[in-house]
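As the structure is a prediction and not an experimental result, all values here were calculated from the model.
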Amino acid sequence: MLRLAPLAALCLLLPPPTAGAAVQTKEVTYKQGDTELSGFFAWNDQSKGKRPGVVVVHEWWGHNQHARNQAIRLAEAGYVGFALDMYGKGKLATHPQDAQAFASEAMKDPQVVKARFLAALDVLRKDPHVDPERIAAFGYCFGGGVALAMARQGVDLAAVVTFHGALATQQPAAKGAVKARLLVLSGAEDPMITAEQVDGFKKEMTAADARFEVVSLPHAKHSFTNPDADKVGMPALAYNAEADKESWARAMKLLGEVFGQ
């Protein structure tokens, strides 16, 4: 089970960006077992043919506007973004105590975590705009830990990218299990993702024969992709425009390599 508690109070609600006219969006409701979940698609209707799809795993707040913003951002880059829901429709936190409770509840059963991720993956693969053979996952903070857990368990993904995401795990990857190419983007001055955690992750992935890269972004603290991070009043959190720009460019480069874009 992932240890995500140190990521409490990470990720903030952001206003939606101004999307180009070509970007279309839609909300969907889907299920994992008896649990209703909220999903959000974004795609570029000027793109020709079926496109690679990218699952966006939300922060500990739940399926919020931040996650949707990333799906829109992916659509602007020519992919189909799908912001999933790990908590259940309507479970959206605005207070850290509620967010921690939601995250703890979601993570207590690893089989439910995997089932909810796979339910979203199935929805994305069935979308008519998506090439079901070309799928990746992006994870932010809490969602980064979820995405890496799926990679560790051998879920069939072309790539997994995490932005200031959780690295520690109690279920390390077995040798040969990781199918996805991994890109971990962390802040060099992030006290929540420690050097020990980064080193442990590198050793784990090396032993697993995974294809991975860990990038330490200079001067970046936690939540470096979040423009509102500084408003929390926590010294560990800070937006860093250069780190945000560089991390996104590196993520796009990886997707271009694995999908031949």
How many angstroms lie between [atom1] in [X] and [atom2] in [Y], if you round to the nearest 0.5 Å?
{"X": "Leu37", "Y": "His63", "atom1": "CG", "atom2": "NE2", "value": "10.0 Å"}
{"X": "Ser247", "Y": "Phe224", "atom1": "OG", "atom2": "CZ", "value": "4.5 Å"}
{"X": "Ile135", "Y": "Tyr79", "atom1": "CD1", "atom2": "OH", "value": "12.0 Å"}
{"X": "Ile72", "Y": "Asn44", "atom1": "CD1", "atom2": "CG", "value": "12.5 Å"}
{"X": "Leu217", "Y": "Glu246", "atom1": "CG", "atom2": "CD", "value": "5.0 Å"}
{"X": "Tyr30", "Y": "Lys89", "atom1": "OH", "atom2": "NZ", "value": "11.5 Å"}

Heavy-atom closest contact ([X] atom, [Y] atom, distance):
{"X": "Ser216", "Y": "Gly187", "answer": "OG-C, 4.3 Å"}
{"X": "Thr25", "Y": "Ala42", "answer": "CG2-CB, 4.0 Å"}
{"X": "Ala71", "Y": "Phe40", "answer": "CB-CD2, 4.1 Å"}
{"X": "Ala159", "Y": "Val258", "answer": "CB-CG2, 4.2 Å"}
{"X": "Val23", "Y": "Ala75", "answer": "CG1-CB, 3.9 Å"}
{"X": "Ala208", "Y": "Ala174", "answer": "CB-O, 3.6 Å"}

Please identify which of these residues, Gln65, Arg73, His66, meets the side chain to side chain donor-acceptor pair (under 3.5 Å) condition with Asn69.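 Exactly one candidate clears the test, Gln65.
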In this structure, which one of His222, His164, Lys221 forms a side chain to side chain donor-acceptor pair (under 3.5 Å) with Asp190?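 One option only clears the test, and that one is His222.
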With the side chain counted from C-beta on, respond yes when [X] and [Y] share a heavy-atom pair under 4.5 Å apart, and no when they do not.
{"X": "Val113", "Y": "Met86", "answer": "yes"}
{"X": "Thr169", "Y": "Glu204", "answer": "yes"}
{"X": "Asn240", "Y": "Thr225", "answer": "no"}
{"X": "Val56", "Y": "Leu84", "answer": "no"}
{"X": "Pro110", "Y": "Gln171", "answer": "yes"}
{"X": "Val80", "Y": "Leu74", "answer": "no"}
{"X": "Thr162", "Y": "Leu185", "answer": "no"}
{"X": "Thr206", "Y": "Phe212", "answer": "yes"}

Applying side-chain contact (heavy atoms from CB on, under 4.5 Å) to Leu167 and Ile193, what does each step give before you reach the verdict? CA-CA 7 Å; Leu167 301 181; Ile193 309 298; 3.6 Å; yes
Output yes when [X] and [Y] qualify as a salt bridge under the 4.0 Å nitrogen-oxygen rule, no when they do not.
{"X": "Lys203", "Y": "Asp199", "value": "yes"}
{"X": "Arg250", "Y": "Glu213", "value": "yes"}
{"X": "Glu27", "Y": "Arg68", "value": "yes"}

Distance-only, no hydrogens or angles: does the Asn64 side chain make a donor-acceptor pair with backbone N or O of Ala67 under 3.5 Å?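 Yes, Asn64 side chain to Ala67 backbone: donor-acceptor pair under 3.5 Å.
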Could you tell me if Arg51 sits above the aromatic ring of Trp43, with its cationic atom closer than 6.0 Å to the ring centre and no more than 45 degrees from the axis?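 No, Arg51 and Trp43 do not form such a contact.
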Any salt bridge (charged side-chain N to carboxylate O under 4.0 Å, His left out) involving residues 164-184? Give me the pairs, sequence neighbours left out, ordered by first then second residue.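 Residue pairs with at least one partner in residues 164-184: Lys175-Asp209, Arg181-Glu257.
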Does Arg211 form a side-chain contact (heavy atoms from CB on, under 4.5 Å) with Val178? I'd like the steps, not just the answer. CA-CA 8 Å; Arg211 295 167 298 165; Val178 180; over 6 Å; no
Look at the rings of Phe82 and Phe41 and say which category their plane angle falls in: under 30° parallel, 30 to 60° tilted, over 60° perpendicular.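 Ring orientation, 0 to 90° scale: tilted.
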Only counting residues at least two apart or in another chain, list the ones meeting ring-ring contact (aromatic ring centres under 6.0 Å, His included) with Tyr87.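 ring-ring contact (aromatic ring centres under 6.0 Å, His included) list for Tyr87, sorted by chain: His58, Phe102, Phe142.
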Establish, from distance only, whether the side-chain atoms of His129 and Asp127 form a donor-acceptor pair under 3.5 Å.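 The answer is yes; a qualifying pair exists.
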Assess whether atom NZ of Lys26 is packed by more than 12 heavy atoms of other residues, nucleotides or ligands within 6.0 Å.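 It does: Lys26 NZ has more than 12 such atoms within range.
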Tell me if the centroids of the rings in Phe163 and Phe138 come within less than 6.0 Å of each other.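 Ring-ring flag for Phe163/Phe138: true, centres closer than 6.0 Å.
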Could you go step by step and tell me if Tyr239 and Ser223 meet the side-chain contact (heavy atoms from CB on, under 4.5 Å) rule? CA-CA 6 Å; Tyr239 176 65; Ser223 293; over 6 Å; no
Going hydrophobic residue to hydrophobic residue with side-chain gaps under 4.5 angstrom, can you get from Val112 over to Val155?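 Val112 and Val155: separate clusters.
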In the single-linkage hydrophobic clustering (I, L, V, M, F, W, Y; side-chain heavy atoms under 4.5 Å), do Val198 and Val160 co-cluster?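 Yes: a chain of side-chain contacts under 4.5 Å links Val198 to Val160.
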Determine whether Thr35 and Arg116 satisfy the following criterion, side-chain contact (heavy atoms from CB on, under 4.5 Å), listing intermediate values before the conclusion. CA-CA 9 Å; Thr35 302; Arg116 290 191 179 172; 3.2 Å; yes
